[in-house]
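Take a look at the structure below.
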Protein chains: 4
Amino acid sequence: MNRPGRPAGPADDTAAVVLTAALELLLTEGAAALTPQRLHTVTGVSRTTVYRHWPSPYAFVSALVDVAPVRPGEPAGDPANDLHAEIDLLCDRLRDRPVGGFLHALVAAVAVDPAVAELRRRYVADLLHPFRTILRAAGASEPEAADGAAVIASPLLVEALLLDTDADRGRAHRSADLILTGLVPA
Amino acid sequence: MNRPGRPAGPADDTAAVVLTAALELLLTEGAAALTPQRLHTVTGVSRTTVYRHWPSPYAFVSALVDVAPVRPGEPAGDPANDLHAEIDLLCDRLRDRPVGGFLHALVAAVAVDPAVAELRRRYVADLLHPFRTILRAAGASEPEAADGAAVIASPLLVEALLLDTDADRGRAHRSADLILTGLVPA
Amino acid sequence: MNRPGRPAGPADDTAAVVLTAALELLLTEGAAALTPQRLHTVTGVSRTTVYRHWPSPYAFVSALVDVAPVRPGEPAGDPANDLHAEIDLLCDRLRDRPVGGFLHALVAAVAVDPAVAELRRRYVADLLHPFRTILRAAGASEPEAADGAAVIASPLLVEALLLDTDADRGRAHRSADLILTGLVPA
Amino acid sequence: MNRPGRPAGPADDTAAVVLTAALELLLTEGAAALTPQRLHTVTGVSRTTVYRHWPSPYAFVSALVDVAPVRPGEPAGDPANDLHAEIDLLCDRLRDRPVGGFLHALVAAVAVDPAVAELRRRYVADLLHPFRTILRAAGASEPEAADGAAVIASPLLVEALLLDTDADRGRAHRSADLILTGLVPA
DNA sequence: ATTTAACCGAGACGGTACGTCCCGTCTTTAC
DNA sequence: GTAAAGACGGGACGTACCGTCTCGGTTAAAT
């Protein structure tokens, strides 16, 4: 039995307009700008409406994470090639903002709402995951794969997030090779 | 020729009281709590005085970096031992907040005042520096040392800052060994 | 087509509470006390709300002038009687503050916001106007009426505003008689 | 026995510089501008020094009243001529600021410091006084003289202070004639 | 020449009010 | 029931001035 009246939740276009603007704001001005007030002035959607549907910072970032998920590169089969491809993919993403900016924003958002920390953890884990998968496919044990992923990807994240340097692909590729050769002792 | 009048800058005790409380706040409640208002209510020093001497977030973080600098462990001579000691030191610091908390705070402060980014870069560079020095002493070339420092320390930073995990010392020590053996071709 | 949403402007009771208190403050403590801060502590209405609706001193005084206008006595027909009645009315008002206090306040408010000068001029002109009207009715020419009004009322204003003396009704009545007799040449 | 040491009170030039600037400020920007802070920025004399010698608004206005006293016109002997001359003198003064501005300022200063009210009263009384003297010399009784002074001078004050109009000399002269003829019935 | 008292400037400090901004909740109206 | 417009209280922000104070260095009289 259907309840009468208008279905709950934001109208589709309202949600689209607001979340698009939110992502835009997040990437250009950082997490601090992601307030109902700002969204109202930017989108014209009324402050009241924004509050109704996304009552907390968490709700926003959470919605955005769903809108802009991290899609891993698709494996071609050869672990070595896949690994190098994944490294390049991550470097590009960190440089071109979609991921780098989002990560920056997530880190900053935690300062405002601690609950976001969980989203940050998941987001970073998602970034590291492809490396682990590929290393497993290459014959590494689970802990070996985790270590390898950390060794390859972490420096890239540190450079992009903490040092504001371009990620050093060369080093990452060398590390990858080193790890792969360590796996096939023959 | 001396100018007349009272010497400029905060009286010694004022500076001490405020900066001590600031560090305390930073480590216990995070960077978001480090506001003039909070410092006033916590220390009793008047809001006006706080603004007078530390008008910007940058001024604060900068003063704190000077108050609580990162002191590297003192090298004992044997590169291998030194490297492992330095790893343990960093892990301890990241766990016990003095460094981990401060780093968190620096990252958050950048969201408010971009000028802090420069302090963050320097702070992180200071964290990585000891590793580079030791690796150079162990016979690595300059780029090799930089790479090695990144490979060893970055995962620790990522775990502490982005994943909220305890740093995985084991992996760090293994990486260190791997790198050291790579250096001595014998 | 009507716009949706709540009608603009302060809710009726808010306006009433604030303006009542404002008038009260004005008359008891003088114009210097008429600040948003004072009104907040006195009425309990939040400082923000006060600023929202009366952003400037001018807005306040202006609203008060509308709330407490100067109502002339109603003419009974006989110019001589009317004139003397009007004199007594003005003297009473100057003594009992409603007008005297308000005038004081207007003068003081000009020091803060020059735009109030216009309100002051109008207010004083409104005070002098009844005298002119009555003198015209008694047969005076327009300039004669203006002069007469000035001669009769000005000393009262000076005494109340500048000398802090009770207005000297006797002199005012004598001046009035003198002027009236000057008008009837017989 | 004289005490040794430097004599108390401000050095002559300090007092001169500050009071000159104070008068200037008072006339150009009104009483609200007459603060230690402003005087410091204008004269370069340190805030501390200003506070030392003129601790209250009252002290300032009081010092200024002594610096710029109201000097009555000198009587020539003939009451009629003297009276008209005095009227012109007052009108000129009200127009040319020295007196008009000062009076404005005095009125405003009362709002800040009620003690100034006494100075205002005296100042206004000093303005009215010449008229009374001359009328007495013309044969008026004391109350008659007071009334006459009020009738002649008050409208001028009201016009200058409350209506921002140029004082109407014509009316004042006519009033004077009227009063003088009333005195010599013969 | 030395006292000695006061001047003077620079600035710290606590306090209060200012005017602004954003937050989060609520109420009123229109669709 | 959604949406818009806006009132409202609350809190922090950063600024400005106030009045008091402490600290140095200077100056002018009286001894």
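To find a chain, count down the sequence lines: A is the first, B the second, and so on, and within it residues start at 1. Atom set for the values below is all heavy atoms of this structure, side chains included, hydrogens, waters and symmetry mates excluded.
When the side-chain nitrogen and oxygen atoms of D:T14 are compared with OP1 and OP2 of E:dC8, one or more of them lie within a distance under 4.0 Å. A sub-4.0 Å separation between OP1 or OP2 of E:dA12 and a side-chain N or O of B:T49 is absent.
As judged by a 4.0 angstrom heavy-atom cut-off over every strand, D:H53 is placed among residues touching the sugar-phosphate backbone only.
B:T14 places no side-chain N or O within donor-acceptor distance of the main-chain N or O of B:P10, the cut-off being under 3.5 Å. The main-chain N or O of D:L162 is found under 3.5 Å from a side-chain atom of C:R120 such that the two form a donor-acceptor pair. Side chain of A:T49 to main chain of A:V45: no donor-acceptor pair is present (N/O by atom type, distance under 3.5 Å, no hydrogens or angles).
When the nearest nucleotides of DNA chain F are assigned to C:D12 and A:G44 by heavy-atom distance, the more 5′-ward of the two goes with A:G44. Mapping D:A15 and B:V45 onto DNA chain E by nearest heavy atom places D:A15 at the nucleotide closer to the 5' end.
Going from atom NE2 of B:H40 over to atom P of E:dT16 covers 10 Å, rounded to whole Å. One interatomic measurement links the two molecules: CH2 of B:W54 to P of F:dC13, which rounds to 16 Å at whole-angstrom precision.
The shortest side-chain heavy-atom distance between D:V18 and D:H53 does not fall under the 4.5 Å cut-off. The closest side-chain heavy-atom distance from C:F102 to C:V65 is below 4.5 Å.
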Without placing hydrogens or testing angles, list every side-chain donor-acceptor pair under 3.5 Å for residues 29-39 of chain C, not counting sequence neighbours.
from	atom 1	to	atom 2	distance (Å)
C:E29	OE1	C:R38	NH1	3.0
C:E29	OE2	C:R38	NH2	2.9
C:T35	OG1	C:R38	N	3.1

Query - Reading 5' to 3' through nucleotides 18-23 of chain F, protein heavy-atom contacts under 4.0 Å coded B for base, S for sugar-phosphate only, - for none - result: SBBBBB
